[in-house]
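Notes to accompany the following structure.
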Amino acid sequence: MRKRLLLIGSLIAMATLLSGCFEINEPISSESEGIWNSFFVYPLSFLITYIAEGVFNEAFGASIVIVTVLLRILILPLNVKQLKSSQAMQLIQPELKEIREKYSSKDAQTQQKLQQETMALFQRHGVNPLAGCLPIIAQMPILIAFYHAIVRTDEIAEHSFLWFELGEPSIILAFITFATTFIQQKIMMAGTPAADNPQMQIMLYLLPVMIGAFALFFPAALALYWVVGNFFMIAQTLLIRRPMMREFEKNNGGSNK
């Protein structure tokens, strides 16, 4: 739990730091120099603008929705890997509990044996405890670049989508961001040992509150990215997680009895 909180805190700090760097107040264009501008920010800005002007008659909100879905598809393999690792971790919980009870002593030799047995258990079942962090780590540069592309592309701030201005914060959209993030977290935890873990219950509320708070101050275009991404993740979890769980139970269920 502490490691996860530390990771999230570090990523938020990095996002906050980077959001104020890299010429944030300068418009992005094909002439912008530097690796960050040339390979991250400008390609996203160009893609959003190209789709908006070439496909949706300058509907930049619809373009952001399409680009968000494309980005989610891009990192889909990492999300599937996260789901597989999560399901495998659930199935080995009884064995993991037995190992922890067996080596409950806090002396160095026992703790070393605990780590060895735990790693051996992970290897037998193909579990990677760090796999759950991969989508978050992969998404952060994309999110930061997306933020830069939005605030540094003048055309986006000049347009509206549905009831909100893309370049201004939206209270209603911030609430939707919080709600969809909460639902996504709830679905991810449903039927898992984490659902009964008080510490994970704190995370269930903490992460949506943090993201919703950011959405209150960031341009609505960025909150739109979060909302569309959340809907994508909810659908992905419902469509992929259940068949995957049945497969894991079929292949590994006998080892947990």
Side-chain angles (χ1 to χ4, degrees), residues 1-15 72 74-142 181-211 233-234 236-257:
M1 175 64 178
R2 292 180 180 178
K3 292 182 179 179
R4 179 169 294 188
L5 286 174
L6 180 61
L7 172 64
I8 293 175
S10 300
L11 291 173
I12 292 173
M14 181 181 68
R72 288 293 180 172
L74 181 65
I75 64 173
L76 181 59
L78 289 177
N79 287 326
V80 172
K81 186 176 182 66
Q82 177 195 22
L83 286 172
K84 288 183 177 179
S85 180
S86 175
Q87 300 298 345
M89 181 67 78
Q90 294 171 34
L91 291 169
I92 67 172
Q93 285 302 309
E95 292 181 71
L96 189 59
K97 183 179 179 181
E98 290 179 3
I99 293 174
R100 288 173 177 170
E101 291 176 349
K102 181 179 179 181
Y103 300 103
S104 59
S105 177
K106 299 300 181 181
D107 63 274
Q109 184 176 0
T110 303
Q111 288 299 302
Q112 183 178 7
K113 187 66 175 178
L114 171 63
Q115 293 178 3
Q116 292 174 350
E117 291 286 340
T118 301
M119 291 305 300
L121 178 64
F122 288 163
Q123 291 176 359
R124 286 200 306 272
H125 293 272
V127 175
N128 181 3
L130 299 179
C133 303
L134 289 177
I136 300 176
I137 295 173
Q139 184 176 314
M140 288 309 297
I142 296 174
T181 303
F182 176 81
I183 293 171
Q184 177 205 333
Q185 293 284 104
K186 190 74 173 179
I187 292 175
M188 286 286 292
M189 291 173 56
T192 71
D196 300 321
N197 188 323
Q199 293 179 326
M200 293 307 298
Q201 286 293 322
I202 294 175
M203 286 299 299
L204 175 63
Y205 292 95
L206 181 60
L207 185 59
V209 167
M210 288 191 299
I211 294 177
M233 288 293 293
I234 290 170
Q236 169 192 290
T237 304
L238 294 176
L239 293 174
I240 297 177
R241 184 175 178 266
R242 290 179 180 177
M244 190 180 295
M245 187 62 185
R246 287 196 295 267
E247 180 181 351
F248 270 112
E249 288 176 344
K250 179 180 178 181
N251 295 335
N252 301 292
S255 62
N256 295 324
K257 296 178 180 179

>> Measuring from atom NZ of Lys186 to atom CD1 of Ile234, what distance do you get when rounded to the nearest 0.5 angstrom?
In response: 13.5 Å
>> What's the separation between atom CD in Gln116 and atom CG in Leu121, rounded to the nearest 0.5 Å?
In response: 13.5 Å
> What is the distance from atom OG1 of Thr181 to atom CG of Leu207, rounded to the nearest 0.5 Å?
Replying inline: 6.5 Å
>> With rounding to the nearest 0.5 angstrom, report the OG1 to NZ distance, Thr118 to Lys113.
In response: 11.0 Å
> Any idea which heavy atoms bring Leu114 and Arg100 closest together, and the distance?
Replying inline: CD1-CA, 4.0 Å
> Measuring from Gln112:CD to Glu117:CD, what's the distance to the nearest 0.5 Å?
Replying inline: 11.5 Å
> So how far is it from Ile183 CD1 to Met233 CE, rounded to the nearest 0.5 Å?
Replying inline: 14.0 Å
